[in-house]
Amino acid sequence: MALRIYDTRSRMKKNFIPLVEGKVSIYVCGITPYSPSHLGHARQAISFDIITRWFRKLGFQVTYITNFTDIDDKIIKVALEENIDFQEVSKRNIDNYFDVMDKLNVLRADEYSKVTETIPEIIDMISILMNKKHAYIAEDGVYFEIDTAPEKYGQLTGQTLEMVRSGAGGRVGQTGGGKRDHRDFALWKNAKSGEPYWPSPWGNGRPGWHIECSAMSLKHLGETFDIHGGGRDLMFPHHEAEIFQSECCLDRENVVKYWLHNGMINVDGEKMSKSLGNFTTISETFDSVKPLALRYALLNAPYRQPIEFNQSMLEESQMHYNRLLNTYLEAANIATSGVWSKNIFLNSVTERFTQGMNDDFNTRIAFVEVQSVIKKLQELISNGNKEDTISAFLGWLDEFAGDVLGLIPGVDELNTLAEEIDKKRNDISVLVEELLIQRQKAREEKNWEYADEIRDKLNSMNVIVEDSPQGPKWKIED
RNA sequence: GCACGGAUGGCAGAGCAGCUAUGCAAGGGAUUGCAGAUCCCUGGACCCGGGUGCAAAUCCCGGUCCGUGCUCCA
């Protein structure tokens, strides 16, 4: 069963064939840390988290590189507004990024490359482009000259030089002070007074936006690599600029073998973005929903599809996630140790799950299978099935809902959670047990009114009472 | 305007030629004093108009509507 992935450049799903057998090299454009991370960043990070997890599951040795654009105009702007060093701005937002991504169970990349730590490589690359006459010096910096490689234009977006020329309309001439052509883009920006800068052969300044990714992917992954990822909105001009830079610098085509782009998060049908002001930060979202429930929400559609974000989808995901976790915990209480491979039901589930994931990482299909396992597991539990069967199902959930989809909290986290609940339980258990005895007595006397009164009282203590054939059970609402 | 996507039941959202998607919601039932949790069953859909095929939600042509990109953006 071959893995098929959608390549933006060729606009079709292709069988994945790595450059080096058994290995995958991945570079994904990261964030510009000028403000706290929003849901769009979560979607990108989770999409590629899933992709790397699946590659590992298939047995590939994965090298996953991403980056922080830790110097740019917006960071400088914030720093000036707050009268602090630009590095303070980037550091606090990078801290926020790691904080929320850890909570979302996004595994760490092998490397988080920073622009400020890649300046020599960037300068080298620009020098090569200068030597090869692909770049020119203008009054305000160094620019890449599109006309030196016109055939490379529009590889990801299907546009030609002419289309952009005519379509740009009023924008022509407005952008980039020293550009010869409005479609040229900056490789190096000269520093204005008061701005942070690095010395270079072309004067003090800082890198343009696009060159960093070409330099960083070259630095960490070499001249060619398997997958380059990022949000759809980066296709043009950012990724097309990368194609110009890397291919012209290295004198080769297909530096990147497969281009992958994740879909956007929408609000009221429109893309969530800073400029529209319709964004929600990840931290804010955690106020109303658990991190892994948000993860669930963002994996509920295949990574390329847009996702409509609103309160009801969040609530629905919270419910699904709760059901998954509750079932998992219930099973864990019964299970001993789990080997699922001999179970026919689980074998067929695994096959469909794998087919789904192998079809361009279709997590929606994977979720359907997880749901069917949960359902079956509930049935097994309520029928008082044998421990080893339940253990097998638990083992499956650990492997697929846990390791692959990242929806089960880690052992440490579960233990901490269990300790907290135990502690809360212990604090009130004497009282609760006593009330339950009174309630049972009332129930035996068919004094339903009093019995319900006690249950209401327990509810107000965040205690949920569930009657069962084995007598009442209670748990603390979280 | 140009480029690239998308339009599926009340909602979310797969499928992309033949076989029940799935979940939520709705209706019915089991269990229960009631509730909760859980399980079972039911109805309900493929934007419009043409075409190709034995067969089309799925392919082709023409519309309509929506989104993204063409400026910083995950």
Round to the nearest Å and state the distance from [X] atom [atom1] to [N] atom [atom2].
X       : N      : atom1 : atom2 : value
E379(A) : U38(B) : CD    : P     : 13 Å
Q159(A) : A3(B)  : CD    : P     : 9 Å
E369(A) : G15(B) : CD    : C1'   : 13 Å
D233(A) : G67(B) : CG    : C1'   : 13 Å
F236(A) : U71(B) : CZ    : P     : 6 Å
R304(A) : G5(B)  : CZ    : P     : 10 Å
E270(A) : A74(B) : CD    : C1'   : 17 Å
R232(A) : C70(B) : CZ    : P     : 12 Å

Spacing of F367(A) atom CZ and F353(A) atom CZ [to the nearest 0.5 Å]: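 These two atoms lie 8.5 Å from each other.
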Once you round to the nearest 0.5 Å, how far does CG of L292(A) lie from CG of L104(A)?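 Answer for the CG-CG pair, L292(A) versus L104(A), is 7.5 Å.
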Under a 4.0 Å heavy-atom cut-off, which of residues 327-334 of chain A touch RNA chain B?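 Within this stretch, nothing sits under 4.0 Å of the strand.
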Would you say OH of Y197(A) has more than 12 non-hydrogen atoms from neighbouring residues, nucleotides or ligands within 6.0 angstrom?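 It does not: Y197(A) OH has 12 such atoms or fewer within range.
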Short side-chain N/O contact to G69(B) OP1/OP2 from K271(A), under 4.0 Å: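 Checking G69(B) against K271(A), a side-chain N or O does come within under 4.0 Å of OP1 or OP2.
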Separation of the [atom1] atoms in [N] and [M], to the nearest angstrom:
N      : M      : atom1 : answer
G15(B) : G23(B) : C1'   : 16 Å
A30(B) : G67(B) : P     : 49 Å
C16(B) : A55(B) : C1'   : 15 Å

Lys/Arg cation over aromatic Y34(A): K274(A), 6.0 Å, 45° cone: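 Pair K274(A)/Y34(A) counts as cation-pi.
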Can a donor-acceptor pair under 3.5 Å be found between the side-chain atoms of N383(A) and the base atoms of C39(B)?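 Checked by distance alone, the answer is no.
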Ignoring hydrogens and angles, answer whether the base of A35(B) and the side-chain atoms of R455(A) contain a donor-acceptor pair closer than 3.5 Å.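 Side chain to base: pair present.
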Looking only at the aromatic ring of each residue, does the gap between the centers of Y143(A) and F185(A) stay below 6.0 angstrom?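 No, the ring of F185(A) stays outside the 6.0 Å limit from the ring of Y143(A), centre to centre.
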What nucleic acid atoms does [X] come within less than 4.0 Å of, heavy atoms only: base, sugar-phosphate, or nothing?
X       : result
Q378(A) : sugar-phosphate
R9(A)   : nothing
V465(A) : base

With respect to the side chain of [X], which nucleotide from [options] is positioned closest?
X       : options                : result
R11(A)  : C4(B), C34(B), C39(B)  : C4(B)
K74(A)  : C4(B), C72(B), A74(B)  : C72(B)
M272(A) : A12(B), C34(B), A74(B) : A74(B)

Among F48(A), Y258(A), Y64(A), F16(A), ring-ring contact (aromatic ring centres under 6.0 Å, His included) partner for F55(A):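 Looking at F48(A), Y258(A), Y64(A), F16(A), the match for F55(A) under the ring-ring contact (aromatic ring centres under 6.0 Å, His included) is F16(A).
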Stacked pair W448(A)-G33(B), distance under 5.5 Å, angle under 30°: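 Yes, W448(A) stacks on the base of G33(B), since the ring centres sit under 5.5 Å apart and the planes are within 30°.
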Hey, can you tell me if F244(A) and Y153(A) have their rings parallel, tilted or perpendicular (30° and 60° cut-offs)?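 Geometry flag for Y153(A) against F244(A): tilted rings.
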Anti or syn - G44(B), cut at 90° from 0: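 It is anti.
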Closer than 4.0 angstrom, basic N to acidic O: yes or no for R206(A) and E195(A)?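 Salt bridge between R206(A) and E195(A), a charged N being under 4.0 Å from a carboxylate O: yes.
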Using a 4.0 Å heavy-atom cut-off to protein, can you give one letter per nucleotide of nucleotides 16-29 of chain B, 5' to 3': B if the base is in contact, S if only the sugar-phosphate is, - if neither? -----BBBS-----
